[in-house]
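See below for the structure under consideration.
Lettering follows sequence order; numbering is per chain, from 1. On a predicted model such as this, the values are computed, not experimentally measured, just so you know.
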Amino acid sequence: MSEIAPDLLDELNEKRTPDKGLPPLECTDHVVMRFAPNPNGPATLGSARGIIVNSEYAKRYHGRFIIRFDDTDPKTKRPLSDAYNWYLEDCRWLGAEPDEVIIASDHIEMYYDYARQLIEKNAAYICFCEKDEFKKYKDSAVACPHREQDINTTLENWQDMLDGKYAPEKAVLRIKTDMLHKDPAIRDWVAFRIVDTPHPRPEIRDRYKVWPLLDFESAIEDHLLGITHIIRGKDLIDSEHRQRYVYKYFNWKYPETLHWGRVKIHEFGKLSTSSMSKAIKEGKYTGWDDPRLPTLRAMRRRGMQPEAICKFFIELGVGETDIGLSMENLYAENRKVVDQTSKRFFFTPEPVKLIIRDAPVTVAKPMLHPSHRNWGNRLISVAGNVLISKSDAEKIKENELLRLKDLYNIKILKKTAEVITAEHIGGGIEIVRKKKGKIIHWVVPDGPNITVLNVTGEEKGIGERGISDCAGEVVQFERYGFVRIDSVKDNKVTAYFAHK
RNA sequence: GCUCCGAUAGUGUAGCGGCCAAUCAUUUCGGCCUUUCGAGCCGAGGACUCGGGUUCAAAUCCCGAUCGGAGCACCA
C-alpha cells in the first residue's frame with residue numbers, strides 16, 4: 001500500500017492523530033476577540049484561561065485581541081484601582097499583549113445614548129417596581145404596570161433618573177424581551193440601575209449615578225468593538241439570550257459564542273476574588289501574591305513559567321463540562337520548563353547534625369546542572385561536620401551504609417535525636433549503588449538560613465552558600481523541589497516553593 | 001419550583017455512525033539510565049453513567065433514568 005498509494009496512507013495516519021487543544025473557529029475573517037474582566041482583584045488562574053485562549057485564537061487567525069474592563073459596578077463588585085494595571089502586567093507576562101484596552105466606565109454617556117434610542121424604539125421602559133414585586137410578575141409571566149408607559153413619559157422618567165431625582169433601588173431601566181419567554185431568566189431584564197457609591201477611578205468618582213449592568217454594557221461594547229467571537233464561562237450563556245434582544249432592536253449581528261465550564265482546582269477550592277480580598281484584609285494572607293493564593297502574581301512569585309501556564313490552558317481546550325483539576329497537571333508542565341533551566345543546590349530543612357570521623361578535609365564539586373556539564377560546579381569545602389535533613393535523619397539506621405551526594409560514602413555508627421555519628425569510608429559511588437544504599441544531600445553548617453514558603457505554610461533550614469547569589473532565579477533544591485529565590489538579605493534567604 | 005446544558009481511564013482531553021477491543025497528556029507501577037526520591041528513555045496498568053430503541057453497524061443518532069452543573073440579581 002505504501003508503494004501504490006502513499007498519500008492515502010498519510011491520510012489514514014493523519015486521521016489517527018488527535019486534535020490537541022483548541023478547536024478551530026468558524027468564520028475566521030478579521031477575528032476580533034476580547035477578554036472582559038471586572039478589575040475587582042488581580043488576575044487568577046481562572047482569568048488566565050480567558051486571557052490565554054482568547055489571545056491565542058486572535059494570534060492563530062491573525063486577528064486582534066482586546067482587554068475590556070467591565071468596571072460598571074462601583075458597589076457590589078467594586079473595582080480595585082491597582083487591578084487595572086495588574087491585569088495588563090499579567091497579560092504581558094503571559095505573552096498576551098492586548099492590541100487595545102477599553103475601560104467601560106469611560107463610556108457611560110455612550111451607553112446612555114443607546115438606552116435613549118431603545119426607549120424611542122419602545123424597546124425599554126423605566127420600571128418602578130420593588131425587586132420582589134417584579135419577581136412575582138416575572139415568575140407568573142405577567143407584564144408589570146410600567147411596561148406599557150408611553151414613550152414620551154418614559155423619556156422624561158429616564159431624564160429624571162439621570163438627573164438624580166430617584167434614590168437607589170427606586171427605578172431601573174428594563175429591556176423589553178418577552179414576558180412569556182419560557183425561560184424566566186430572559187424576561188425583561190435590567191439594563192441600568194441607580195448607584196450612589198462613587199466609582200474608585202479618580203477620573204470618574206461621582207460623575208454618574210446611573211450605571212449599566214453587564215448585559216447592556218457588554219452588548220453595546222461587543223458590537224462597537226467589532227467582536228467576532230466571544231469565549232466565556234457558561235454561567236454567561238443566558239447573557240447571550242438576553243443580549244440578543246438588544247441586537248435585534250438595533251439590527252446588529254451577534255458574535256459567535258463558545259462557552260466553557262467551571263474550573264475548580266483541588267488545591268485551592270472555591271476562592272472567589274471577593275473572599276480572597278476579605279481574607280487579605282483580615283490578615284490571613286500576606287497579600288495578593290501570597291503563595292497560598294491562585295493569583296497569577298502568586299504563581300509568578302513561586303516561579304511558575306508563563307509558557308507552562310499557556311500550554312496548560314491551550315491543551316485544556318474549551319469543553320462545556322465542569323472540570324476539577326489538580327495543580328499537579330500544571331506543575332508537570334512547569335517542571336518540563338524549569339528542569340532544564342534551574343541550577344541545583346542542596347537545602348536541608350530542619351537540619352540534624354552529622355559528625356563524620358576520620359573524614360578527610362576535602363572540597364565537594366557537585367554540578368550546577370546534571371545535564372549541563374558546561375555550567376560548571378559548586379565548590380564546597382567540607383571538614384567532616386555536616387547537616388542533613390530531618391526527614392533523612394529519621395530514616396537512618398545504625399550501621400547503615402550511605403553516600404553523601406557528590407562527597408563520599410559513610411557508615412552510620414550512632415544515632416541520637418540531636419546528632420548522628422558516622423565514619424568515613426573510602427571508595428566510589430559503585431559501592432553504595434551495589435548495596436542499594438541511599439544517596440542523600442547535605443550542607444555545611446555555615447550556609448545561609450533559608451525559609452521556604454509553600455502552599456501550606458513554611459519550612460526553615462540551611463542551604464548552600466551559592467543560593468545567596470540567585471535572588472530572583474528559579475532553582476532546584478535537590479531531592480526537595482523547585483523554588484524561586486524571592487529575596488536574600490544578610491544571611492537570610494526567602495524562597496517560594498513551586499512544586500516538587 | 002421553572003428554564004437550559006453536560007456525562008469517555010484517578011485527573012483532564014480526542015473521537016461525534018464503520019478506521020475504536022478507543023487518542024494524547026498527566027498520575028500510578030515496573031525496568032534502564034543518572035553522584036537528586038529531578039529530568040530522560042523503555043514498558044505496564046487504567047474509561048465510553050445506566051436502560052431501552054434506530055441501524056447490517058453506535059462512544060458516536062433517538063427516548064427515558066441517574067448523576068453533575070448553570071441561570072431565574074438593581075453582581076460580573
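Rounded to whole Å, the distance from NZ on A:Lys264 to C1' on B:G10 is 15 Å. Going from atom CG of A:Asp392 over to atom P of B:U35 covers 19 Å, rounded to whole Å. As a whole-Å value, the separation of A:Lys136 NZ from B:C2 P is 20 Å. Following rounding to the nearest Å, A:Ile323 (CD1) and B:A7 (C1') show an atom-to-atom distance of 14 Å.
Closest approach of A:His259 to A:Glu320, counting heavy atoms only: O-CG, 3.4 Å. Contact record, A:Pro79 with A:Pro74: CD-CA, 4.2 Å, taken as the closest heavy-atom pair. Scanning all heavy atoms of the two residues, the minimum distance from A:Phe69 to A:Tyr84 falls at CZ-O, 3.3 Å.
Rounded to whole Å, the P atom of B:C56 lies 22 Å from the corresponding atom of B:C16. For B:U60 and B:C20, the C1' atoms lie 11 Å apart once the distance is rounded to whole Å. Atom name P, nucleotides B:G45 and B:G30: the rounded distance is 15 Å, in whole Å. Nucleotides B:G17 and B:G53 place their C1' atoms 15 Å apart, quoted to the nearest Å. Using P as the reference atom, B:A65 and B:C5 are 15 Å apart when rounded to the nearest Å. Taking atom P on both nucleotides, B:A58 is separated from B:U49 by 16 Å, rounded to a whole Å. When the P atom is compared between B:G12 and B:U55, the two are found 36 Å apart, to the nearest whole Å.
For A:Lys77, taking side-chain heavy atoms from C-beta onward, the closest of the listed nucleotides B:A76, B:G12, B:U26 is B:A76. When the nucleotides B:C74, B:U11, B:U35 are ranked by their closest atom to the side chain of A:Leu325, B:U11 comes out on top. Nearest nucleotide to the A:Asn329 side chain, out of B:U36, B:U26, B:U13: B:U26. The side chain of A:Asp235 approaches B:A70 more closely than any other nucleotide in the set B:A70, B:U26, B:U36. Of the listed nucleotides (B:C72, B:U36, B:U26), B:C72 has the atom at the smallest distance from the side chain of A:Lys138.
For B:C74, the OP1/OP2 oxygens have no side-chain nitrogen or oxygen of A:Thr76 closer than 4.0 Å. Contact annotation: A:Arg193 side-chain N/O to B:A76 OP1/OP2 distance is under 4.0 Å. For A:Arg433 and B:U36, the shortest distance from a side-chain N or O to OP1 or OP2 is below 4.0 Å.
Residue pairs that meet the side-chain hydrogen bond (donor to acceptor under 3.5 Å, both in side chains) test with at least one member in residues 178-191 of chain A, sequence neighbours left out, are A:Tyr125-A:Asp188, A:Arg147-A:Asp188, A:Thr177-A:Asp188. Listed by first and then second residue, the ring pair (Phe, Tyr, Trp, His ring centres under 6.0 Å) pairs that reach into residues 328-347 of chain A are A:Tyr331-A:His499, A:Phe346-A:His441, A:Phe346-A:Trp442, A:Phe347-A:Phe477, A:Phe347-A:Tyr480, sequence neighbours excluded.
Geometrically, A:Arg174 engages A:Phe134 in a cation-pi contact defined by less than 6.0 Å to the ring centre and at most 45° from the axis.
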Using Watson-Crick and G-U wobble pairs with both distances under 3.5 Å, what is the 5'-to-3' dot-bracket string of RNA chain B, with [ ] for crossing pairs and | for pairs outside the strand? (((((((..(((.....[.....))).(((((.......)))))....(((((..]....))))))))))))....
Using the 3.5 Å cut-off, write out each protein N or O paired with an N or O of nucleotides 38-40 of chain B and the distance between them.
unit_1 : atom_1 : unit_2   : atom_2 : d
B:A39  : O4'    : A:Asp339 : OD1    : 3.4
B:A39  : O4'    : A:Asp339 : OD2    : 3.2
B:A39  : O2'    : A:Asp339 : OD2    : 3.1

Within the sub-3.5 Å range, which N or O atoms of nucleotides 3-6 of chain B have a protein N or O partner, and how far apart are they?
unit_1 : atom_1 : unit_2   : atom_2 : d
B:U3   : O2'    : A:Asp183 : OD2    : 3.2
B:C4   : OP1    : A:Lys182 : NZ     : 3.1
B:C5   : O2'    : A:Glu320 : OE1    : 2.9

Under the criterion side chain to side chain donor-acceptor pair (under 3.5 Å), I'd like the reasoning laid out for A:Glu217 against A:Thr72: C-alpha separation, chi angles, the key distance, then a yes or no. CA-CA 8 Å; A:Glu217 174 266 326; A:Thr72 57; 4.7 Å; no
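Of the residues in residues 255-262 of chain A, not one places a heavy atom less than 4.0 Å from an atom of RNA chain B.
Under a 4.0 Å N-O distance rule, the pair A:Glu333/A:Lys311 qualifies as a salt bridge. For the pair A:Arg34 and A:Glu221, the salt-bridge criterion is not met [side-chain N within less than 4.0 Å of a carboxylate O]. A:Lys365 has no carboxylate O lying under 4.0 Å from a charged side-chain N of A:Asp406, or vice versa, which leaves the two without a salt bridge.
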